[in-house]
Amino acid sequence: MKLTLAEPRLLKESVNIISELVNEVTLKVDTSKIELVAMDPANVAMVDFKLLSTAFAEYDVKEELSLGVSLDNLKAILRRAKPTDSISLSLDEDKNRLTIELVGENKRTFNLALLNIDESHQKVPNLNFAAKVETCTTRFDEAIEDMDVVAESVAFVAMAGMFTVRSASNFSDAKVDIASSDDTQISVEKDKVSSKYSIEYLKKMIKGSKLAENVVVSFGQDYPLKVEYILLDKLKLGFILAPRVSND
């Protein structure tokens, strides 16, 4: 296995974001992609990440591999990568280590010990969403951060032509209305769809805006939420979040 990535931020930022939710993970490497599917320890959120072979300057994988890694340790290494560096990944099978080379003005080599992770295979559930909103990440980020001022949960409400993000506590409430426009598409199967989610988790997920300019938000009535950041022919970072059922 030999992989060379000319844009270090694609891996660096992805690992930073994913490590907010999970740490010890299994990276599946095949001939077309690096893939990670993992559930957070509280079983509230799932991460679905794909870094495509077309994002790499060099991608040489002969057989499928499963690499158990600590994202905290990997993040510490990737933090040393400069924006102009390339990142090369290879496998030292004899020592069961992932070799990471940061190549720029000089070459720095790190060997990361691989983990033996008890692999209960995670599978992304097949969900049918009644509402889908695609908008710019800045608009969505600001809406979540606005609601964080008020309460610990946020309600998403979708109607024809309007996506509303609202929050309420005992003493305060707030809402942001995002209307359909050139950069916001809203599709709804019913007159009105609403569901409530944890702001704590959403604040971690919206860091995906560092990777893509648009976000796709899909949900249903009191139903799980899917948040996706997609860079065409490069990567997909997706999250699934369970709905909040508490009465806050």
Side-chain angles (χ1 to χ4, degrees), residues 10 13-14 17-18 20-21 33 35-40 43-52 122-148 151 153-168 174-245:
L10 297 180
E13 294 293 358
S14 297
I17 297 160
I18 295 167
E20 298 260 345
L21 291 168
K33 65 187 177 301
E35 183 176 23
L36 182 163
V37 178
M39 183 73 75
D40 88 298
N43 287 322
V44 174
M46 174 175 271
V47 180
D48 177 19
F49 171 67
K50 291 181 177 67
L51 185 57
L52 304 181
Q122 298 286 354
K123 189 175 181 182
V124 179
N126 186 19
L127 299 169
N128 296 309
F129 300 102
K132 179 179 176 181
V133 179
E134 181 171 357
T135 190
C136 65
T137 54
T138 305
R139 189 169 289 128
F140 185 61
D141 289 1
E142 289 179 349
I144 299 303
E145 288 165 3
D146 285 343
M147 297 307 103
D148 187 38
S153 66
V154 59
F156 291 165
V157 183
M159 296 177 285
M162 184 65 68
F163 174 48
T164 299
V165 180
R166 68 188 185 202
S167 190
K175 71 171 182 173
V176 176
D177 291 325
I178 301 173
S180 292
S181 64
D182 290 344
D183 61 5
T184 299
Q185 288 79 47
I186 301 168
S187 59
V188 192
E189 291 181 359
K190 299 189 288 185
D191 290 341
K192 180 180 178 181
V193 178
S194 66
S195 192
K196 186 183 289 187
Y197 305 99
S198 162
I199 286 183
E200 179 187 359
Y201 278 88
L202 281 166
K203 283 171 66 181
K204 295 174 180 178
M205 294 173 180
I206 62 174
K207 292 179 181 180
S209 61
K210 294 177 181 178
L211 293 166
E213 294 181 353
N214 284 0
V215 60
V216 180
V217 181
S218 307
F219 61 101
Q221 186 69 34
D222 300 321
Y223 195 72
L225 167 74
K226 180 187 274 188
V227 180
E228 290 182 296
Y229 299 91
I230 297 170
L231 265 180
L232 190 63
D233 295 331
K234 291 186 178 179
L235 67 76
K236 182 190 84 170
L237 177 58
F239 304 96
I240 296 173
L241 180 61
R244 282 285 290 263
V245 293

Inset, instruction - Decide side-chain contact (heavy atoms from CB on, under 4.5 Å) for Asp148 and Lys203; before the verdict, give the C-alpha distance in whole Å, the side-chain angles of both, and the deciding distance to 0.1 Å. - result: CA-CA 9 Å; Asp148 187 38; Lys203 283 171 66 181; 2.9 Å; yes
Any non-hydrogen side-chain atom of [X] less than 4.5 Å from a side-chain atom of [Y]?
X: Met46; Y: Pro125; result: yes
X: Leu202; Y: Leu225; result: yes
X: Leu235; Y: Ser14; result: yes
X: Val227; Y: Ile240; result: no
X: Val133; Y: Gln185; result: no
X: Arg166; Y: Val176; result: no

Drop me the distance from [X]'s [atom1] to [Y]'s [atom2], to the nearest 0.5 angstrom.
X: Thr184; Y: Met162; atom1: OG1; atom2: CE; value: 10.5 Å
X: Lys236; Y: Leu51; atom1: NZ; atom2: CG; value: 13.0 Å
X: Leu21; Y: Met39; atom1: CG; atom2: CE; value: 11.0 Å
X: Lys50; Y: Glu35; atom1: NZ; atom2: CD; value: 4.0 Å
X: Arg244; Y: Ser153; atom1: CZ; atom2: OG; value: 5.0 Å

Inset, instruction - Would you mind listing every salt bridge (Lys or Arg N to Asp or Glu O under 4.0 Å) that reaches into residues 176-188, with sequence neighbours excluded? - result: Arg139-Asp183, Lys175-Asp177
Inset, instruction - Under the side chain to side chain donor-acceptor pair (under 3.5 Å) rule, collect the residues that match up with Glu189, sequence neighbours excluded. - result: none
Inset, instruction - Check step by step if side-chain contact (heavy atoms from CB on, under 4.5 Å) holds for Met147 and Val165. - result: CA-CA 8 Å; Met147 297 307 103; Val165 180; 3.7 Å; yes
Inset, instruction - Applying ring-ring contact (aromatic ring centres under 6.0 Å, His included), name anything that partners Tyr201, two or more places apart in sequence or on another chain. - result: none
Inset, instruction - Mind checking ring-ring contact (aromatic ring centres under 6.0 Å, His included) for Tyr197 and listing every partner two or more places apart, or none if nothing turns up? - result: Phe156
Inset, instruction - Decide side-chain contact (heavy atoms from CB on, under 4.5 Å) for Phe239 and Leu241; before the verdict, give the C-alpha distance in whole Å, the side-chain angles of both, and the deciding distance to 0.1 Å. - result: CA-CA 6 Å; Phe239 304 96; Leu241 180 61; 6.0 Å; no
Legend entry - Asp48 side chain vs Val37 backbone, donor-acceptor pair below 3.5 Å: no
Side-chain polar contacts of residues 204-219 - donor-acceptor pairs under 3.5 angstrom, sequence neighbours left out - could you list them?
residue : atom : partner : partner atom : Å
Lys207  : NZ   : Glu20   : OE2          : 2.9
Ser209  : OG   : Asp141  : OD2          : 2.7
Ser209  : OG   : Ile206  : O            : 2.9

Inset, instruction - Quick one: which residue pairs count as a side-chain hydrogen bond (donor to acceptor under 3.5 Å, both in side chains) with a foot in residues 221-235, not counting sequence neighbours? - result: Glu7-Lys234, Ser194-Gln221
Inset, instruction - For Gly220 and Ser195, work out which heavy atoms get closest and say how close. - result: O-CB, 3.3 Å
Legend entry - Step-by-step side-chain contact (heavy atoms from CB on, under 4.5 Å) determination, Leu10 to Leu231: CA-CA 10 Å; Leu10 297 180; Leu231 265 180; 3.7 Å; yes
